[in-house]
Colleague: 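One structure coming up, written as structure tokens, with questions to follow.
Basis for what follows: all heavy atoms, side chains included, without hydrogens, waters or symmetry-related copies.
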Amino acid sequence: MKILVVDDHVLIRDALRGVLKELKGEADVLEASDCRQAMALIAENADDLGLILLDLGLPDRDGFSALAEVRERYPAICVVVLSGQHDHASVVKALQLGALGYIPKSGQREVMLSALQLIFAGGRYIPPEILTPDSPTTVPGTKPPAGGRPPASPADLGLTERQLDVLALMMQGKSNKAICRVLDLAEPTVKNHVTAILKALKVTNRTEAVIAVRELGWEFTIAAKP
């Protein structure tokens with residue numbers, strides 16, 4: 001698998017290379033410092049390029065237009081925005097243009113690790129601060145509340161106490177293996193719980209589950225191990 005990091009700051013590229021090697025040691029990490037170099041590398045490696053980490057603040061081109069072009073020309077390649085700007089409007093615009101996620105550069109290393117783990121697991125990372133109930137614009141993939149009805153409770157959806165523990169850890173961006181360690185559960189058990197949670201929330205992946213839970217306004221504490 002090849003991963004392309006597009007950022008004009010060498011220190012950011014070095015940091016991302018370290019994170020990616022920790023998560024995907026077998027990956028071949030390519031680097032570009034501007035859009036022109038990035039487009040050349042994408043064209044050269046399009047057949048086996050699996051992920052692009054794209055900075056919006058490129059020196060030679062607007063990052064949003066670069067994102068739109070990549071998604072149009074190479075729809076099979078996943079693009080995740082990594083940016084110093086993480087206002088609500090920028091995040092929504094990037095997601096509307098087809099970004100699989102949006103990782104703020106200001107986040108701690110652990111946040112970046114969790115975000116990339118979620119993306120590698122097939123999820124979609126969206127900064128939690130833009131998912132507040134009073135956000136002025138709907139984030140792509142979210143569902144508006146139905147007709148002003150009061151939100152359902154976990155009990156209304158048939159979620160068990162242990163499933164709520166799993167869901168609480170999913171909200172933190174933890175992988176199935178990490179949930180296994182925290183709750184001392186077997187991985188097949190955790191997978192079954194995750195499947196049941198997605199079904200109860202009527203969503204198809206972990207990121208949509210996180211969004212749905214934030215819309216419902218649920219708060220969690222993790223129960224002690226049985």
Colleague: Is the closest side-chain heavy-atom distance between Val29 and Val5 below 4.5 Å?
Modeller: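 The answer is yes, as the side chains (C-beta and beyond) meet within the 4.5 Å cut-off.
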Colleague: Does Lys105 NZ have over 12 foreign heavy atoms under 6.0 Å away?
Modeller: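 Yes.
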Colleague: To check you understand the geometry: which heavy-atom pair defines the closest contact between Pro104 and Tyr125, and what is its length?
Modeller: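 Heavy atoms only, the tightest pair is CD-CE2, 4.4 Å.
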Colleague: With heavy-atom distances below 4.5 Å as the criterion, would you say the side chains of Val19 and Leu116 are in contact?
Modeller: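 Answer yes - side chains close enough.
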Colleague: Could you go through Val6 and Ile52, starting from their C-alpha distance and side-chain angles, then the distance that decides it, and tell me whether this counts as side chain to side chain contact (heavy atoms under 4.5 Å, CB included)?
Modeller: CA-CA 7 Å; Val6 186; Ile52 299 171; 4.0 Å; yes
Colleague: Considering non-hydrogen atoms only, spot the tightest contact between Cys180 and Val190 and give its length.
Modeller: SG-CG2, 3.6 Å
Colleague: Check the pair Met39, Val70 against side chain to side chain contact (heavy atoms under 4.5 Å, CB included), reporting the backbone distance first and the verdict last.
Modeller: CA-CA 8 Å; Met39 290 302 180; Val70 172; 3.6 Å; yes
Colleague: Taking all non-hydrogen atoms of both residues, which atom of Val166 and which atom of Ile197 are closest, and how far apart?
Modeller: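 Reported closest heavy-atom pair: CG1-CD1, 3.9 Å.
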Colleague: Test Leu49 against Asp47 for side chain to side chain contact (heavy atoms under 4.5 Å, CB included), laying out the working first.
Modeller: CA-CA 6 Å; Leu49 187 60; Asp47 290 341; over 6 Å; no
Colleague: State, with a plain yes or no, whether a side-chain heavy atom of Val81 is found less than 4.5 Å away from one of Leu56.
Modeller: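 In short, these two side chains touch, coming nearer than 4.5 Å.
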Colleague: Rounded to the nearest 0.5 Å, what's the gap from CG on Leu169 to CZ on Arg181? Could you check?
Modeller: 11.0 Å
Colleague: Within the 3.5 Å criterion, strictly below it, is a donor on Asn192 or Thr195 matched to an acceptor on the partner's side chain?
Modeller: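 Side-chain D/A pair, Asn192 to Thr195: absent.
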Colleague: Looking at side-chain heavy atoms only, is the closest gap between Leu95 and Val91 below 4.5 Å?
Modeller: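 Sidechains of Val91 and Leu95: in contact.
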Colleague: So, Lys21 side chain and Ala27 main chain: donor-acceptor pair closer than 3.5 Å or not?
Modeller: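 Such a contact is found between Lys21 side chain and Ala27 backbone.
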Colleague: Considering non-hydrogen atoms only, spot the tightest contact between Ser153 and Trp218 and give its length.
Modeller: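 Looking at all heavy atoms of both residues, the closest pair is C-CZ2, 3.5 Å.
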Colleague: Calculate, to the nearest 0.5 Å, the distance between atoms SG and CG belonging to Cys35 and Leu54 respectively.
Modeller: 7.5 Å
Colleague: State, yes or no, whether a side-chain contact exists between Asn45 and Leu4 at a heavy-atom distance under 4.5 Å.
Modeller: no
Colleague: Provide the closest heavy-atom pair for Ala32 versus Leu41 in the form atom of the first, atom of the second, distance.
Modeller: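 Taking every non-hydrogen atom into account, CB-CD1, 4.0 Å.
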Colleague: Are the side chains of Leu100 and Ile119 in touch, meaning some heavy atoms are under 4.5 Å apart?
Modeller: yes
Colleague: Just by distance, do the side chain of Asp55 and the backbone of Gly63 share a donor-acceptor pair under 3.5 Å?
Modeller: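 Not a single qualifying donor-acceptor pair exists.
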Colleague: Is there side-chain contact between Leu51 and Val80, with heavy atoms separated by less than 4.5 Å?
Modeller: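 Yes, close enough: below the 4.5 Å cut-off.
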Colleague: Just verifying a value: how many Å separate Asp165 CG and Leu159 CG, rounded to the nearest 0.5 Å?
Modeller: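 If I round to the nearest 0.5 Å, the distance is 11.5 Å.
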Colleague: Just by modelled atom types, is the Ile77 backbone N or O under 3.5 Å from a matching donor or acceptor in the Arg71 side chain?
Modeller: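 Judged by distance alone, yes, a pair lies under 3.5 Å.
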Colleague: Please round to the nearest 0.5 Å and tell me the distance separating atom CD of Gln117 and atom CE of Met112.
Modeller: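 Gln117 atom CD to Met112 atom CE measures 12.5 Å (nearest 0.5 Å).
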Colleague: Between Glu31 and Arg17, is there a salt bridge with N-O shorter than 4.0 Å?
Modeller: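 Counted as a salt bridge, because a side-chain N and a carboxylate O are separated by less than 4.0 Å.
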Colleague: Distance from Thr160 atom OG1 to Gln163 atom CD, nearest 0.5 Å?
Modeller: 3.5 Å
Colleague: Between Leu16 and Ile3, is there a side-chain heavy-atom distance shorter than 4.5 Å?
Modeller: no
Colleague: Quick one: salt bridge (charged side-chain N to carboxylate O under 4.0 Å, His left out) partners of Arg61, sequence neighbours excluded?
Modeller: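 Testing Arg61 for salt bridge (charged side-chain N to carboxylate O under 4.0 Å, His left out), a comparison that skips the adjacent residues, returns Glu69.
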Colleague: Roughly how far, to the nearest 0.5 Å, is the CG atom of Leu164 from the NE2 atom of His193?
Modeller: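 It comes to 10.5 Å.
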Colleague: Check step by step if salt bridge (charged side-chain N to carboxylate O under 4.0 Å, His left out) holds for Lys2 and Asp48.
Modeller: CA-CA 6 Å; Lys2 291 182 180 179; Asp48 51 2; 3.7 Å; yes
Colleague: Under a 3.5 Å distance rule, please check whether Gln37 uses its side chain to pair with a backbone N or O of Ser33 as donor and acceptor.
Modeller: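 It does hold such a pair.
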Colleague: Identify the two heavy atoms, one from Leu198 and one from Thr204, that lie closest to each other, and give their separation to 0.1 Å.
Modeller: CD1-O, 4.0 Å
Colleague: One pair to check against side chain to side chain contact (heavy atoms under 4.5 Å, CB included): Lys93 and Tyr102. What are the steps and the verdict?
Modeller: CA-CA 10 Å; Lys93 184 175 181 179; Tyr102 197 110; over 6 Å; no
